Every structure is written in structure tokens, then in C-alpha cells.
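What you see is a predicted model, and the numbers here were worked out from it, not measured in a lab.
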Amino acid sequence: QVQLVESGGGLVQAGASLRLSCAASGRTFSSYSMGWFRQAPGKEREFVAAISWGGGSTRYADSVKGRFTISKDNAKRTVYLQMNSLKPEDTAVYYCAADPTGWVSNKSTYWGQGTQVTVSS
């Protein structure tokens, strides 16, 4: 069993930066792939970024490549999403996900409660 708790969201202006954190409980955290998804009002939840269990491989949505960076600290049981050059279209609730069987997806087993990110123009 894994529990995920996100933090770090907030209201910022376009061009600013935020770092989201996802703290995980569970003894097998280091063997899970982790990732971030987001859901804007009236839209479906979409993939943002993912990192392999060892941290050696990452994946990003085209919309955030070059602006967002995902990282993982197994010792702290925490996954981070560094978001730079934020745009109003990045406004959404951001969710952390974990998957013990492969890359995270919308069908992954474990989810956090979400943290709101609002980017004003």
C-alpha cells in the first residue's frame, strides 16, 4: 500500500516557477514508477511527467518539455516537479501517481489528493 501527499501548489504569475512535492509512504517506494498528471476545469486528466523507479528515465508531455523537470529522492520518499516558465494554460489540479507494475498512467493504482496550481496572465 502506498499513500501519496502532494504539496507546493499555489497562485503565481505567468513566467514564475513552482516546485511540487509528492511525499510517499510505503516500504516499496523505491520500486515504483512515479509521475504527475493534471486536470483543468472541464477537461480530462492528462499526463505531465513520469520517472522510472530508479530515477534514470523520465518522460514528459510535449506541452511541458523544456519547462518542467521531474526528479525522485528515494531516501526522502519524495518526487518533485520543478515547473519553470509557467503559463496560464498550466493552471490545473496536479496529481501525483505511483505504479508498481510499469510506467504510471491514468489507470495507475495509487493517487494523491491533488494540489491546485493557478497561473495568472
Side-chain angles (χ1 to χ4, degrees):
Q1 188 76 10
V2 174
Q3 292 185 330
L4 306 173
V5 179
E6 303 98 333
S7 61
L11 170 63
V12 297
Q13 291 188 329
S17 298
L18 277 177
R19 189 176 79 158
L20 305 183
S21 299
C22 173
S25 64
R27 290 181 291 180
T28 56
F29 170 78
S30 61
S31 64
Y32 284 57
S33 72
M34 305 288 293
W36 292 90
F37 291 72
R38 66 186 182 187
Q39 187 167 22
K43 295 186 177 181
E44 295 185 352
R45 187 168 60 190
E46 64 175 4
F47 169 75
V48 176
I51 190 166
S52 62
W53 66 270
S57 296
T58 57
R59 295 179 176 179
Y60 296 93
D62 288 342
S63 59
V64 307
K65 280 181 181 177
R67 299 188 299 122
F68 291 11
T69 303
I70 188 170
S71 60
K72 187 171 185 248
D73 187 332
N74 285 337
K76 294 183 177 180
R77 301 176 180 271
T78 302
V79 175
Y80 304 97
L81 185 67
Q82 178 66 43
M83 306 186 295
N84 299 327
S85 303
L86 282 162
K87 304 176 180 179
E89 50 264 44
D90 294 318
T91 295
V93 177
Y94 283 70
Y95 297 92
C96 178
D99 198 309
T101 62
W103 285 99
V104 290
S105 72
N106 272 307
K107 297 181 180 179
S108 289
T109 305
Y110 302 109
W111 293 88
Q113 82 289 350
T115 186
Q116 176 70 47
V117 172
T118 303
V119 184
S120 63
S121 58

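- The backbone N or O of Trp53 lies less than 3.5 Å from a partner atom in the side chain of Lys72, making a donor-acceptor pair.
- Between the OG1 atom of Thr115 and the OH atom of Tyr94 there is a distance of 10.5 Å, given to the nearest 0.5 Å.
- Side-chain contact between Trp36 and Leu20 is present, with at least one heavy-atom pair separated by less than 4.5 Å.
- Put simply, the side chain of Lys87 does not reach to within 4.5 Å of the side chain of Val119, judged on heavy atoms.
- Taking CD from Gln82 and CD1 from Ile70, the interatomic distance works out to 12.0 Å, rounded to the nearest 0.5 Å.
- For Tyr95 and Phe37, the ring centers sit 6.0 Å or farther from each other.
- Judged purely by atom type and a 3.5 angstrom limit, Asp73 uses its side chain to pair as donor or acceptor with the backbone of Lys76.
- The distance from atom CD1 of Ile51 to atom OG of Ser57, rounded to the nearest 0.5 Å, is 8.5 Å.
- Summarising the hydrophobic clusters (Ile, Leu, Val, Met, Phe, Trp, Tyr; side-chain heavy atoms under 4.5 Å, direct or chained), the residues clustered with Leu11 are none.
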Evaluation steps, salt bridge (Lys or Arg N to Asp or Glu O under 4.0 Å), between Lys65 and Asp62 = CA-CA 5 Å; Lys65 280 181 181 177; Asp62 288 342; 3.2 Å; yes

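- Atoms OH and OG, on Tyr32 and Ser52 in that order, are 15.5 Å from each other to the nearest 0.5 Å.
- Contact check for Asp90 versus Arg67: side-chain heavy atoms found under the 4.5 Å cut-off.
- With hydrogens and angles ignored, the 3.5 Å screen pairs a side-chain donor or acceptor of Ser105 with a backbone N or O of Lys107.
- More than 12 heavy atoms of other shown residues, nucleotides or ligands fall within 6.0 angstrom of atom CD in Gln39.
- Annotation: side chain of Met34 is in contact with side chain of Cys96 (closest heavy-atom distance under 4.5 Å).
- Residues Val117 and Leu18 have side chains in contact (heavy-atom distance under 4.5 Å, counting atoms from C-beta outward).
- Sorted by first and then second residue, the pairs that involve residues 46-59 and meet salt bridge (Lys or Arg N to Asp or Glu O under 4.0 Å), not counting sequence neighbours, are Arg38-Glu46.
- Atoms CD and CD, from Gln116 and Glu6 in turn, are 12.0 Å apart once rounded to the nearest 0.5 Å.
- Asp99 and Ser33 are not linked by any side-chain donor-acceptor pair at a separation below 3.5 angstrom, with hydrogens and angles left out of the test.
- With a 4.5 Å cut-off on side-chain heavy atoms, Tyr80 and Cys22 do not count as touching.
- In this structure, Leu4 and Val2 have side chains that are in contact, with non-hydrogen atoms separated by less than 4.5 Å.
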